[in-house]
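One structure is given here, and the rest of the page talks about it.
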Amino acid sequence: MSSNPGTIPDSANPDVVLVGGGIMSATLAALIGVVAPQWSVAVFESGPDVAGESSDAWNNAGTGHAALCELNYTPMGPDGRVDPAKAVTINEQFQVSRQFWSHMVREGMTGSPKDFITPVPHLSFVTGEDGRAYMRTRHAALAAQPLFAGLEYTDDPEELTDWLPLMMAGRNPGQVVAATRAVAGTDVNFGSLTRLLLDDAAGRRGVTVHCNQRVRNLERDTDGRWVVTVQDGVTGERRTVRTRFVFVGAGGGALPLLQRAGIPEIAGFGGFPVSGMFLCTRSPELVGRHQAKVYGQAAVGAPPMSVPHLDLRLIDGDHSLLFGPYAGFSPKFLKAGSVFDLPRSVRVNNLGSLLGVARTELALTRYLIGELLQSRSDRHATLTDFVPEAQEHDWDMVTAGQRVQVIKRDPATGRGVLQFGTELIVGGDGSIAGLLGASPGASTAVSAMLTLLERCFPDRIPAWRPALQEAIPSYGRSLSEDPALLAQVRAQTMQTLELNG
Ligand SMILES: Cc1cc2nc3c(=O)[nH]c(=O)nc-3n(C[C@H](O)[C@H](O)[C@H](O)COP(=O)(O)OP(=O)(O)OC[C@H]3O[C@@H](n4cnc5c(N)ncnc54)[C@H](O)[C@@H]3O)c2cc1C
């Protein structure tokens with residue numbers, strides 16, 4: 001993109017500006033290193049360090065989402081069937097992430113794969129006759145898919161006790177319980193991965209990472225470039241940087257910045273912040289009896305991100321269990337945000353969407369109010385559905401990151417709808433893009449950033465394809481339809497990332 005390729009342009013005028021130092025910007029910086037290593041890139045992070053918000057290991061659940069255990073990707077249809085399509089898509093996307101992370105390891109990214117990814121079995125867990133019937137149907141639908149080969153099912157109490165000793169101890173023997181297990185699951189420390197990717201990028205000529213630098217404004221100049229106003233968090237000084245391409249990877253801070261950029265594509269979008277809390281134990285005895293990530297079913301009317309799960313976490317060498325999430329409400333869009341974030345995001349062009357959601361999402365409203373009114377003992381009671389013998393004193397509440405759920409105008413009805421996935425916004429003829437939303441999130445960062453490259457730089461993709469295919473062998477192909485490639489990719493990533501299963 002430099003007018004004079006091979007030379008590093010003036011540092012005040014980088015080819016690319018990445019706003020925010022989370023997993024999305026880190027992934028895009030790494031991908032640019034693959035396809036256009038000569039480009040200069042400046043990353044601006046408002047916090048004192050990168051990966052301090054949603055990507056920090058303690059601010060998310062660290063699940064390598066591959067649809068191995070998350071039941072919300074395989075709902076039962078009105079005809080009683082389970083469609084595996086969504087689960088296959090999510091799994092393919094996680095395989096793309098695995099391939100790219102393997103590539104980065106092979107190319108000499110510092111640190112060991114163990115610093116950011118560890119094998120942890122993924123299980124789904126249901127109770128009751130209906131739950132068991134659903135689980136059997138889901139298992140049959142998924143086990144037929146090559147990506148889910150090896151998915152095990154049981155409703156045998158003895159086998160369940162072997163798989164889930166902590167969850168089965170003290171359970172009513174008359175209760176119907178069923179589970180599936182995928183030993184190929186993972187726990188991912190996205191904070192550690194973000195730091196490794198950004199350290200690696202910063203080692204390249206022309207890439208700089210600036211912390212304590214808040215992007216205040218984005219304005220299009222008459223020559224088509226973006227004028228980025230950056231404020232130093234320590235001195236308060238402001239300066240401007242000019243660039244041809246901006247990625248707003250600011251997590252919860254993306255919506256306000258895209259609104260400030262004034263691109264028409266953001267009209268109608270709003271954000272609804274939901275904070276997440278987890279019960280946490282570091283008791284070696286409890287951790288020793290639960291070596292898995294176990295996802296249950298969301299309560300009726302509850303949103304997909306509220307699915308209860310009990311997770312083994314491996315963070316910086318320490319093992320712990322997290323149970324949750326419990327939802328909380330805060331009008332902040334970032335943990336370190338302002339209580340005015342939500343009211344300030346209201347615009348004439350998104351008021352209709354926001355009011356529409358307030359009217360239609362009554363189940364969500366009821367769910368959130370119910371969550372907010374919960375006492376400590378109510379929360380403990382929810383935990384005992386998973387761990388019948390749980391003792392309150394073993395578990396502490398920890399506050400995770402803020403999720404800003406996307407609110408958008410439904411093009412069909414014109415009404416506001418709440419969306420639980422992510423939304424890539426591309427504007428200014430492909431010169432600016434931003435990512436809204438949180439789910440499936442960090443696990444699919446590589447696919448999200450590949451889509452960004454394809455939408456913002458369509459003319460360059462043919463020239464970039466060989467490099468992308470070298471880094472991600474399945475790029476542009478479907479693993480679920482190519483068993484030989486799937487086997488090759490699996491074996492290679494398992495070896496490089498030191499995974500089993
Ligand atoms: C409770 C919870 C559980 C989750 N669990 C999982 C999970 O198990 N698996 C999974 O894959 N995903 C999970 N996610 C989602 C995942 O954490 C996010 O999708 C992902 O971390 C988002 O990365 P990001 O880079 O977009 O945002 P962030 O990591 O939030 O990074 C954005 C960065 O931008 C900075 N910033 C903001 N505004 C500005 C500005 N104006 N100028 C400069 N910098 C700015 C912020 O300080 C921050 O560092 C979870 C999220 C939450 C909240």
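These numbers come from the heavy atoms of this one structure, side chains and all, not from hydrogens, waters or symmetry mates. Just so you know, ligand 1 is whichever comes first in the structure, and atom 1 is the first atom listed for that ligand.
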| request: Enumerate the atoms of ligand 1 whose separation from the nearest heavy atom of F44 is less than 4.0 angstrom. | output: 43 (C), 44 (N)
| task | Could you tell me whether D15 and R244 make a salt bridge, using a distance below 4.0 angstrom between a side-chain N and a carboxylate O? | result | no
| field | Nearest-0.5 Å distance, CZ of residue R282 to CG of residue D394 | value | 13.0 Å
| task | From the options M24, E45, E53, select the one whose nearest heavy atom is closest to atom 49 (O) of ligand 1. | result | E45
| task | Can you measure from CG (L453) to CH2 (W464) and round to the nearest 0.5 angstrom? | result | 5.5 Å
| task | Return the residue, atom name and 0.1 Å-rounded distance of the protein heavy atom closest to atom 7 (C) of ligand 1. | result | H65 NE2, 3.4 Å
| query | What is the nearest protein non-hydrogen atom to atom 39 (C) of ligand 1, stated with its residue, atom name and distance? | reply | S46 OG, 3.7 Å
| query | Numbering the atoms of ligand 1 from 1, which are under 4.0 Å from a heavy atom of A400? | reply | 1 (C)
| Under-4.0 Å salt bridge between D187 and R313 | yes
| remark: Atoms of ligand 1 under 4.0 Å from any heavy atom of G401, numbered from 1 in the order shown, are 53 (C)
| Protein heavy atom at shortest distance from atom 27 (O) of ligand 1 | G251 CA, 3.5 Å
| field | Ion pair check, K332 and D341, cut-off under 4.0 Å | value | no
| said: Under 4.0 Å, counting heavy atoms only: does Q213 come that close to any atom of ligand 1? | reply: yes
| note | shortest atom 29 (O) of ligand 1-to-protein heavy-atom contact is with S55 OG, 2.5 Å
| Are L452 and V426 close enough, and set up right, to give a side chain to side chain contact (heavy atoms under 4.5 Å, CB included), and what steps lead you there? | CA-CA 8 Å; L452 179 149; V426 174; 5.8 Å; no
| task | Mind checking the NE2-OG spacing from H65 to S443? Nearest 0.5 Å is all I need. | result | 5.0 Å
| field | Atoms in ligand 1 with a heavy atom of S54 nearer than 4.0 Å | value | 17 (O), 21 (O), 28 (P), 29 (O), 30 (O)
| message | Counting only heavy atoms closer than 4.0 Å, does ligand 1 sit against the backbone of L435, its side chain, both, or neither? | response | neither
| field | Within-cut-off N or O pair, G47 and ligand 1, under 3.5 Å | value | no
| field | Option with minimal heavy-atom separation from atom 4 (C) of ligand 1, where the choices are L18, N60, T63 | value | N60
| task | Examine ligand 1 and decide if any of its atoms is less than 4.0 Å from a heavy atom belonging to G249. | result | yes
| Which ligand 1 atoms, with their elements, are less than 4.0 angstrom from a heavy-atom of L257? | 41 (N)
| message | Measuring from atom OG1 of T444 to atom CE of M24, what distance do you get when rounded to the nearest 0.5 angstrom? | response | 6.0 Å
| query | Counting distance only, does the side-chain N/O of H103 pair as donor-acceptor with the main-chain N or O of V34 below 3.5 Å? | reply | no
| said: Measuring from atom 5 (N) of ligand 1, which candidate in A26, A61, G253, G337 has the nearest non-hydrogen atom? | reply: A61
| message | Centre-to-centre under 6.0 Å for F457 and F245, is that the case here? | response | yes
| query | Which of the atoms in ligand 1, numbered in the order shown and given with their element, are less than 4.0 Å from a heavy-atom of F190? | reply | 9 (N), 10 (C), 11 (O)
| request: Name the closest protein heavy atom to atom 11 (O) of ligand 1, giving the residue it belongs to and the distance to 0.1 Å. | output: S443 OG, 2.6 Å
| query | Near G62, which atoms of ligand 1 are under 4.0 Å from a heavy atom of that residue? | reply | 7 (C), 8 (O)
| query | Nearest protein heavy atom to atom 15 (C) of ligand 1, by residue and atom, and its distance? | reply | A438 O, 3.3 Å
| said: Please determine whether a side-chain nitrogen of the Lys or Arg among E152 and R181 lies less than 4.0 Å from a carboxylate oxygen of the Asp or Glu. | reply: yes
| Closest non-hydrogen protein atom to atom 40 (C) of ligand 1, residue and atom name please, with distance? | V215 N, 3.8 Å
| Nearest to atom 31 (O) of ligand 1, what protein heavy atom do you find, and at what distance? | G22 CA, 3.4 Å
| Would one find an N or O of G252, backbone or side chain, under 3.5 Å from an N or O of ligand 1? | no
| said: Using the rule given for side chain to side chain contact (heavy atoms under 4.5 Å, CB included), can you reason through F333 versus L342, listing the C-alpha separation, both sets of side-chain angles and the distance that settles it, and then say yes or no? | reply: CA-CA 7 Å; F333 280 178; L342 178 58; 4.1 Å; yes
| said: With heavy-atom distances below 4.0 Å as the criterion, list the atoms of ligand 1 near N59. | reply: 1 (C), 2 (C), 52 (C), 53 (C)
| task | Output, in order, the C-alpha distance, side-chain angles, deciding distance and verdict of ring-ring contact (aromatic ring centres under 6.0 Å, His included) for F323 and F278. | result | CA-CA 5 Å; F323 177 76; F278 288 94; 8.6 Å; no
| field | L334 to ligand 1, any heavy atom closer than 4.0 Å | value | yes
| message | Does E454, at its CD atom, have more than 12 non-hydrogen atoms belonging to other residues, nucleotides or ligands within less than 6.0 Å? | response | yes
| task | Before signing off on this row, confirm whether A442 and ligand 1 have an N or O atom pair separated by under 3.5 Å. | result | yes
